[in-house]
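Data block below; observations after.
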Amino acid sequence: MGAPFSYHVAATQASLLLSFVWMPVLLPVASRLLLLPRALLTMASGSPPTQPSPASGSGSGYVPGSVSAAFVTCPNEKVAKEIARAVVEKHLAACVNLIPQITSIYEWKGKIEEDSEVLMMIKTQSSLVPALTDFVRSVHPYEVAEVIALPVEQGNFPYLQWVHQVTESVSDSSTVLP
């Protein structure tokens, strides 16, 4: 024998109510996940991208991996903005996105730590990653600054070309001073 009709209505109403309660909580989380670069998602899944990009085609002129997305964590927005502005002004990066309110859990000096940080996503030429790293290390308040970079294999060709153009003057010179 099935459950009474009133039970089904009540269960449906409860599910709908829970959806409305959880929606404001889940939407910001889901939208932040969309900010993750496709390269990270590809690495996590272990499978190659499913749709080839025009930038990877032989006629585009883009050399896969010649642009990188570098990631740097900062203790707060003020520090992140200062570093972001400096790397763009010095043409070490074409663009820096600041992703606020990330939580980092890590081991430091034998103790598990948890901190709220700001994540910087920095787009630059791969050849500039060493100079970018040296600059960040010279101005960053952390004893050991996180600077990691992933090569961009595919993307919107005009954007990748713009990254090269904006950072061209630095890649032509041999040194970058902090």
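Note that this is a predicted model, so its numbers are computed, not measured. One-based numbering along the sequence shown.
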### Message
I want to check something: taking the side chain as every heavy atom from C-beta on, are F71 and M120 in contact at a cut-off of under 4.5 Å?
### Response
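They are not in contact (no side-chain heavy atoms under 4.5 Å apart), so the answer is no.
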### Query
Can you find a pair of side-chain heavy atoms, one from E168 and one from Q125, that are under 4.5 Å apart?
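Yes, side chains in contact.
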Nearest heavy-atom pair of [X] and [Y]: which atoms, and what distance?
{"X": "V67", "Y": "Y62", "answer": "N-OH, 3.2 Å"}
{"X": "A69", "Y": "V152", "answer": "N-CG2, 4.0 Å"}
{"X": "S126", "Y": "S68", "answer": "OG-OG, 2.6 Å"}
{"X": "V166", "Y": "A93", "answer": "CG1-O, 4.2 Å"}

Please round to the nearest 0.5 Å and tell me the distance separating atom [atom1] of [X] and atom [atom2] of [Y].
{"X": "T124", "Y": "L92", "atom1": "OG1", "atom2": "CG", "answer": "6.5 Å"}
{"X": "K123", "Y": "T167", "atom1": "NZ", "atom2": "OG1", "answer": "12.5 Å"}
{"X": "L119", "Y": "I102", "atom1": "CG", "atom2": "CD1", "answer": "4.5 Å"}
{"X": "Y159", "Y": "H164", "atom1": "OH", "atom2": "NE2", "answer": "11.5 Å"}
{"X": "L150", "Y": "M121", "atom1": "CG", "atom2": "CE", "answer": "11.0 Å"}
{"X": "H140", "Y": "F135", "atom1": "NE2", "atom2": "CZ", "answer": "11.0 Å"}

Could you list the donor-acceptor pairs under 3.5 angstrom formed by side chains in residues 142-149, with sequence neighbours left out?
{"from": "Y142", "atom 1": "OH", "to": "E117", "atom 2": "OE2", "distance (Å)": "2.6"}
{"from": "E143", "atom 1": "OE1", "to": "K109", "atom 2": "NZ", "distance (Å)": "3.3"}
{"from": "E146", "atom 1": "OE1", "to": "T73", "atom 2": "OG1", "distance (Å)": "3.0"}

### Query
Honestly curious: do V72 and Y106 fall in one hydrophobic cluster under the side-chain, below-4.5 Å linking rule?
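No, it is not one cluster - the side chains of V72 and Y106 are not joined through contacts under 4.5 Å.
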### Task
Report the hydrophobic cluster partners of V129, with the cluster defined as I, L, V, M, F, W, Y residues connected by side-chain heavy atoms closer than 4.5 angstrom, directly or transitively.
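Members besides V129: none; it forms no cluster.
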Return all side-chain donor-acceptor pairs below 3.5 angstrom for residues 77-88, not counting sequence neighbours, or 'none' if the list is empty.
{"from": "E77", "atom 1": "OE2", "to": "K81", "atom 2": "NZ", "distance (Å)": "3.4"}
{"from": "K78", "atom 1": "NZ", "to": "E82", "atom 2": "OE2", "distance (Å)": "2.8"}

